[in-house]
S.K.: 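Input: one structure, supplied below.
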Amino acid sequence: MTDSAARTAGWFADVDPDEFDGLDDRDAGDARDARDGSTVVTAIREGQTETPQDWPALAVDDEFADDEAAYYDRLHDATMAATRAAVTEREAADDRQLVHAVRAMDDCERTANELAERLAEWAGTVDPDAGTGVSFARELARGEHELASTADPITSLADRVVDLADEAAELREFVERQTPTIAPNLAALAGPVLAARLISLAGGLEDVAKKPSGTIQVLGAEDALFAHLRGHAPSPKHGLIYVHDAVRGTHPDERGSAARAVAGKLSIAARVDHYSGERKPELEAELAERIETIQARTIEDGERDNSGGKANE
Amino acid sequence: MSDDLPAGVERHTFEGTDRLATRGDPVYGEPTDGDWRAWNPTRSKLGAMLELEMETGLEGGDEETVLYLGAASGTTVSHVADFAGPTYAVEFAARPARDLLETAASRPRLFPLLADARKPATYAHVVESNVDAIVQDVATRGQARVALENRRFLDDDGRLLLAVKARSEDVTRDPEDVFADVRAELEAEYEILEARRLEQYHADHLGIVARPQPR
């Protein structure tokens, strides 16, 4: 009774032994085959039990394998195939999905705003009290604002604007939820949305990991960068990362330094995320410390200027 | 020289220096001497523990079973599989697990598993009971918790070989305080036999050898 109960908890309980023929020969490209409809892969990946047992002995008793050596050979094939399938699936699901999600989010937000502008312009022609923006579209859609005259097409447009804005919000939630699992350190350091934008602009997490930090610093400022390279503009201090609190919250005189510090840590974070996946909370502490030092400079300068001014008076 | 090295781990001379080595396929471009490949203690906490002559209780040989938590890309676990018997390697992140697969391909008694070491129920249907050693090197918060959760796999005479990373628990706290907390939590189910800082090779890490408290 206990024996059979124990046996059914093992990964090999419902596995068809014939499946092992050729499982070993499959290479990474065939991982999809191994995943689809393989009881072996499913058993390893989805099985669960609270208490481990002496599986090798049970498997031999159960005639799943002739002896323990044969059991271990099968276990090796099974774990290799299952882990390969899981890795392939996780990697494919990861940053490509995020890139699409963040681009779709930006498209939805931009389109919602453009349409809201069009809506405000149109509604303004039939009702002098018409408001602006997505918030006005919401009022119209909810019926909180009645337009003066025949307004059917206008309210219908308002519905579309609201739908798009809601879609954008849902995509943002998806991005905020997904980024930390794909790039935990980058997400923690940059915030999930900025991290996703960097990944999107670079083309993927691997691409961020392979870029020098100077490139990450000006990602998204390509126009300014090429103007600079053509020789008629100063070099850009920051691109996308301008929205990072540590950059925006720093006095303009020191923003270049802040952007350089942020980009440096972000590029380390991306490399850790891509190559090891380990969480390194010390990166946040190091960045916070560095930014504090940079911001302290302007405070000191400010104080010196102020006291200097007083002394002269 | 220590006589306590497990069978299958030897000291060999690489480019004029005496280093730990095991026999197997090279994994990360480490220097080799015939079949033997150097085991770099600065890249491996278990390597550092052996180098510091901690009494790991590892014996080596085909009969010795090991559960390795936090295998990452397989640097250390490849050496373990070289000298020990059936070795289960649990790793949570997909990207390093890809490298782990390559390492495992040439080692028929190394079983890679993509799973979360904090949830042993997701691999208890694969990993056998009563393993001789658990090697744990997971960089997450709650490292003592992971060791307690995985106690169910360990033989009553087995050894827990744990590398505690202070920065994973709390970067802002003094590592000594973090280590004290981890030790206190561990003592609920383990008896700590030896604990040493791995400072020489790994900053802010504590190496612990423990055995399960009798039930």
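Since the model is a prediction, treat every value here as computed from it, not as a measurement. The sequence lines fix the lettering, A, B, ..., with proteins before strands; numbering per chain opens at 1.
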S.K.: For a 4.5 angstrom cut-off between non-hydrogen side-chain atoms, does T88(A) reach R98(B)?
M.R.: yes
S.K.: Which region of A115(B), side chain (C-beta onward) or backbone (N, CA, C, O), has a non-hydrogen atom less than 4.5 Å from a non-hydrogen atom of chain A, or is it both or neither?
M.R.: neither
S.K.: If I measure from the heavy atoms of chain A, does L110(B) come under 4.5 Å with its side chain, its backbone, both, or neither?
M.R.: backbone
S.K.: Answer whether the closest heavy-atom distance between the side chains of T172(B) and E282(A) falls below 4.5 Å.
M.R.: no
S.K.: Identify the heavy atoms of V87(A) and L114(B) that sit nearest to each other, and give their distance.
M.R.: N-CD2, 4.0 Å
S.K.: Would you say D174(B) has more than 12 foreign heavy atoms packed within less than 6.0 Å of its CG?
M.R.: yes
S.K.: Decide yes or no on side chain to side chain contact (heavy atoms under 4.5 Å, CB included) for R152(B) and E50(A), but give the supporting numbers first.
M.R.: CA-CA 9 Å; R152(B) 65 185 80 176; E50(A) 277 305 317; 3.2 Å; yes
S.K.: Going from CZ on R167(B) to CZ on R279(A), what distance comes out if it is rounded to the nearest 0.5 angstrom?
M.R.: 14.0 Å
S.K.: For chain A, find which of A94(B), A93(B), P120(B) contributes the most heavy-atom pairs closer than 4.5 angstrom.
M.R.: A94(B)
S.K.: For T83(A) and L100(B), run side chain to side chain contact (heavy atoms under 4.5 Å, CB included): C-alpha distance rounded to whole Å, both residues' side-chain angles, the deciding distance at 0.1 Å, then the answer.
M.R.: CA-CA 10 Å; T83(A) 303; L100(B) 174 62; 5.9 Å; no
S.K.: Below 4.5 Å from any heavy atom of chain A, which atoms of V127(B) appear? Answer side chain, backbone, both or neither.
M.R.: backbone
S.K.: How about CG on D156(B), more than 12 heavy atoms from neighbouring residues, nucleotides or ligands closer than 6.0 Å, or not?
M.R.: yes
S.K.: Less than 4.5 Å apart, any side-chain heavy atom of M80(A) and any of P112(B)?
M.R.: yes
S.K.: With sequence neighbours left out, write down each residue that passes side-chain contact (heavy atoms from CB on, under 4.5 Å) with D132(B), or none if nothing qualifies.
M.R.: E64(B), T65(B)
S.K.: Which residue out of P86(B), G70(B), P96(B) racks up the most heavy-atom pairs below 4.5 Å with chain A?
M.R.: P86(B)
S.K.: Using heavy-atom distances under 4.5 Å, tell me whether A72(B) contacts chain A through its side chain, its backbone, both, or neither.
M.R.: neither
S.K.: Looking only at heavy atoms, what is the nearest atom pair of D73(A) and R109(B), with distance?
M.R.: OD1-NH1, 2.9 Å
S.K.: Heavy-atom cut-off 4.5 Å, strictly under: side chain, backbone, both or neither for A43(A) against chain B?
M.R.: backbone
S.K.: At their closest point, which heavy atom of A124(B) faces which heavy atom of W55(A), and how far apart are they?
M.R.: O-NE1, 2.9 Å
S.K.: Can you spot which of F111(B), Y88(B), Y123(B) makes a side-chain contact (heavy atoms from CB on, under 4.5 Å) with T79(A)?
M.R.: F111(B)
S.K.: Is it true that the side chains of Y71(A) and E128(B) contain a donor and an acceptor less than 3.5 Å apart?
M.R.: no
S.K.: Might you confirm whether atom CG of D54(A) has over 12 heavy atoms from other residues, nucleotides or ligands at distances under 6.0 Å?
M.R.: yes
S.K.: For S73(B), which atoms come within 4.5 Å of any heavy atom of chain A: side chain, backbone, both, or neither?
M.R.: neither
S.K.: What distance do K280(A) atom NZ and K165(B) atom NZ have between them, rounded to the nearest 0.5 Å?
M.R.: 3.5 Å
S.K.: With a 4.5 angstrom heavy-atom cut-off, is it the side chain or the backbone of R107(B) that approaches chain A, or both, or neither?
M.R.: backbone
